[in-house]
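Just so it is clear, the values below take in all heavy atoms, side chains as well, and ignore hydrogens, waters and symmetry mates.
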Amino acid sequence: MKRGLVLNLISNIMFFVSGYALHFFLGNTMPAASYGIVGTIITVLDFEYMFVSNGARQSLASQISRRKYDVRDVIAKTTLFQLLVIAVFFSIDFFGAPLFGLVLNDPSLDFYFKVAGFLVIVNGLQVILLGVNDGLQRFGISALLSTFYPIAKLGVIPLIIFVFRDDPVLGVEVGFLLAVALTIVLGCILLAANHAPLNERRPERIPFGDIAKHTLSFSFFFIMVSLVLSMDTLVVKAVVEPAAMAGYYTGAMNFGKITYYLLQAFSTIILPVVAKLIGEGKRGEAVERMQQFLLIAFMVILPISVIIAASSRSLLSSFYSQPFTVAAVALSCLTFSNFFMGITVMLNMVLNSFGSSRFSDALSIVSLVVTIPLFIVSAKYGGITHIAVASAACTGTAMLVSFARVRAKAGEPLTARAWKTLALNAALAVACGVLFHFVTIDNLLLLALAYVAIFAAYLVCLPLLRIVPLADLKHFGSSVYSSSR
């Protein structure tokens with residue numbers, strides 16, 4: 001479990017590092033309005049990926065981990081249902097492209113949304129491979145594929161420079177298509193090289209209705225996640241003037257999502273790990289695993305949100321340019337919004353492992369009803385700052401409600417050490433707030449060094465305050481080293 005978590009964290013770090021390298025190139029070579037168009041296309045794709053990707057992947061991981069049904073039957077029926085979902089979203093993008101341009105007040109989006117439909121196809125097929133590896137608990141292979149894809153995605157840069165110089169938006173889409181296609185080829189090769197577990201036959205076949213139910217349940221939940229994390233960008237594009245504000249908000253959103261990307265590593269592993277323990281009747285051990293995941297998330301990921309929120313103005317000005325600092329307050333809110341949502345996803349994966357999906361369904365429905373009108377009103381009367389505040393309020397509420405449900409259904413999610421970690425992060429927030437109030441850093445390299453120094457000082461406090469005993473750190477390090485050999 002620890003090795004898988006470390007590898008998936010590394011893959012997610014590579015995902016956002018390569019992504020920010022790409023956005024650094026785009027944000028500094030394109031006008032803010034054009035960059036806003038790229039952000040709009042990516043936002044819609046992220047929304048569709050949430051539905052197409054997470055439903056099938058999490059359903060496959062859960063069903064395979066339980067070892068109840070025949071593995072090949074589960075894969076075949078999930079793939080069939082996934083193809084139906086892909087067909088729906090491809091049709092929406094391709095045939096509904098003119099409507100996207102009309103709603104988002106930009107006719108040029110018509111062609112780009114037609115091309116985006118093909119991205120839905122390849123991405124939907126890629127996640128079948130990831131779900132199979134997660135279910136077999138081959139977290140290393142999943143991490144490898146998740147690391148390979150963002151590196152391959154950097155091919156967008158030479159494509160734009162040498163091939164699509166006059167149409168960089170199309171260059172981004174073509175580069176993404178090629179990156180996913182190469183990842184699928186690599187995934188098929190790795191799966192074929194070690195396919196023995198797929199040959200294990202079980203007499204019981206899973207009903208297609210169960211596949212549809214579980215996949216849609218996960219998908220609807222991640223639709224809620226996508227709405228809260230992505231719909232605000234579309235609302236800004238459609239409502240807020242001038243058009244450059246969409247570009248500034250895209251810049252804030254890119255950094256705000258860092259913590260969510262990292263927490264996806266936890267969400268990917270926590271479902272199959274806890275589901276396997278529940279399937280084996282080890283409920284107490286399952287609760288302990290949940291507590292461990294949440295403790296690590298609060299210790300390692302939460303301070304990143306705290307530091308980014310305190311230094312948002314310096315980060316935007318040094319990475320992009322001074323005009324982007326208009327989105328500084330928005331970034332401070334969005335980094336916490338994404339952390340809250342990441343924890344919400346983890347908690348709901350735990351609930352699904354314990355056989356409770358109705359709560360996630362209800363949470364999704366309520367969020368769908370509340371989020372969109374709240375975002376529209378916030379953006380119309382308060383601009384990008386108010387819509388970011390609304391985002392943090394929605395995700396914070398969803399997280400607290402999910403904590404209450406987990407406590408009632410599974411057990412106490414937070415240990416005493418987790419509460420100590422929260423207190424330490426509160427102290428870190430005060431210290432960083434004071435520091436960046438009096439010190440402005442406009443050089444990206446110096447800011448990165450400051451981040452390293454602050455995070456190192458924070459890590460030193462963990463054993464000093466006995467949040468993480470030194471013995472635990474040594475055991476964790478040795479176990480990761482030995483398991484990776």
Side-chain angles (χ1 to χ4, degrees), residues 50-51 54-55 57-59 61-63 65-66 210 213-229 259-260 263-279 281-299 301-302 305 336-371 374 390-419 421-422:
M50 286 287 187
F51 198 99
N54 290 284
R57 180 176 183 176
Q58 301 295 351
S59 180
S62 176
Q63 295 295 345
S65 295
R66 295 177 188 276
D210 286 357
K213 177 183 176 182
H214 288 121
T215 303
L216 287 176
S217 179
F218 281 115
S219 294
F220 279 127
F221 172 72
F222 281 100
I223 280 290
M224 178 273 292
V225 173
S226 182
L227 278 174
V228 177
L229 297 185
T259 51
Y260 182 77
L263 286 172
Q264 280 187 315
F266 293 76
S267 302
T268 298
I269 297 177
I270 196 172
L271 176 63
V273 167
V274 176
K276 183 174 183 293
L277 292 172
I278 293 296
K282 301 176 181 177
R283 183 183 179 91
E285 189 173 343
V287 173
E288 290 179 3
R289 287 288 182 270
M290 170 190 68
Q291 293 173 338
Q292 290 174 359
F293 274 109
L294 288 171
L295 175 61
I296 296 173
F298 282 125
M299 284 195 305
I301 310 301
L302 180 55
S305 285
F336 283 112
S337 177
N338 280 268
F339 177 81
F340 295 157
M341 183 54 76
I343 296 296
T344 301
V345 171
M346 289 178 60
L347 294 171
N348 280 270
M349 292 304 98
V350 169
L351 287 170
N352 277 274
S353 300
F354 277 84
S356 176
S357 62
R358 291 185 179 180
F359 171 81
S360 299
D361 295 339
L363 183 64
S364 301
I365 294 172
V366 173
S367 298
L368 287 172
V369 172
V370 173
T371 301
L374 179 61
S391 177
C394 289
T395 55
T397 301
M399 180 185 68
L400 293 176
V401 173
S402 297
F403 264 119
R405 180 60 180 172
V406 168
R407 184 178 293 110
K409 181 67 179 180
E412 180 58 49
L414 299 181
T415 62
R417 288 198 290 172
W419 286 107
T421 304
L422 288 173

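- Minimum interatomic distance between S402 and L347 (heavy atoms only, all atoms of both residues): CB-CD1, 3.8 Å.
- When all heavy atoms of T371 and C394 are compared, the pair lying nearest together is OG1-SG, 4.4 Å.
- With rounding to the nearest 0.5 angstrom, the CD1 atom of I296 is 9.0 Å from the CZ atom of R417.
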Residue pair L277, R289: steps toward the side-chain contact (heavy atoms from CB on, under 4.5 Å) verdict:
CA-CA 9 Å; L277 292 172; R289 287 288 182 270; 3.6 Å; yes

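- Under the 30°/60° scheme for interplanar angles, the aromatic rings of F339 and F298 are found to be tilted.
- Checking each of I343, N338, T344 against M341 for a side-chain contact (heavy atoms from CB on, under 4.5 Å) leaves exactly one that passes, namely T344.
- From F359, atom CZ reaches atom CG of N352 across 11.0 Å, with rounding to the nearest 0.5 Å.
- Here the side chain of Q291 pairs a donor or acceptor atom with the backbone of E412 at under 3.5 angstrom.
- Distance NZ/K282 to CD/E288: 11.5 Å, rounded to 0.5 Å.
- In this structure, F340 and L400 have side chains that are not in contact, with every pair of non-hydrogen atoms separated by 4.5 Å or more.
- Of all heavy-atom pairs between V350 and M290, the closest is CG1-SD, 3.5 Å.
- For the pair S360 and N348, the tightest heavy-atom approach, listed with the atom from each and the gap, is OG-OD1, 2.6 Å.
- A side-chain N or O of S337 and one of T395 form a donor-acceptor pair less than 3.5 Å apart.
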Determine, stepwise, if the pair F266 / V345 fulfils side-chain contact (heavy atoms from CB on, under 4.5 Å).
CA-CA 9 Å; F266 293 76; V345 171; over 6 Å; no

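- Shown here for A297 and M346, the closest heavy-atom pair between the two residues is CB-SD, 4.3 Å.
- To the nearest 0.5 Å, atoms CG (L414) and CG (L295) are separated by 9.0 Å.
- The two atoms that bring G342 and L263 nearest to each other are CA-CD1, 3.6 Å, heavy atoms only.
- The CZ atom of F293 sits 13.0 Å away from the CE atom of M349 when rounded to the nearest 0.5 Å.
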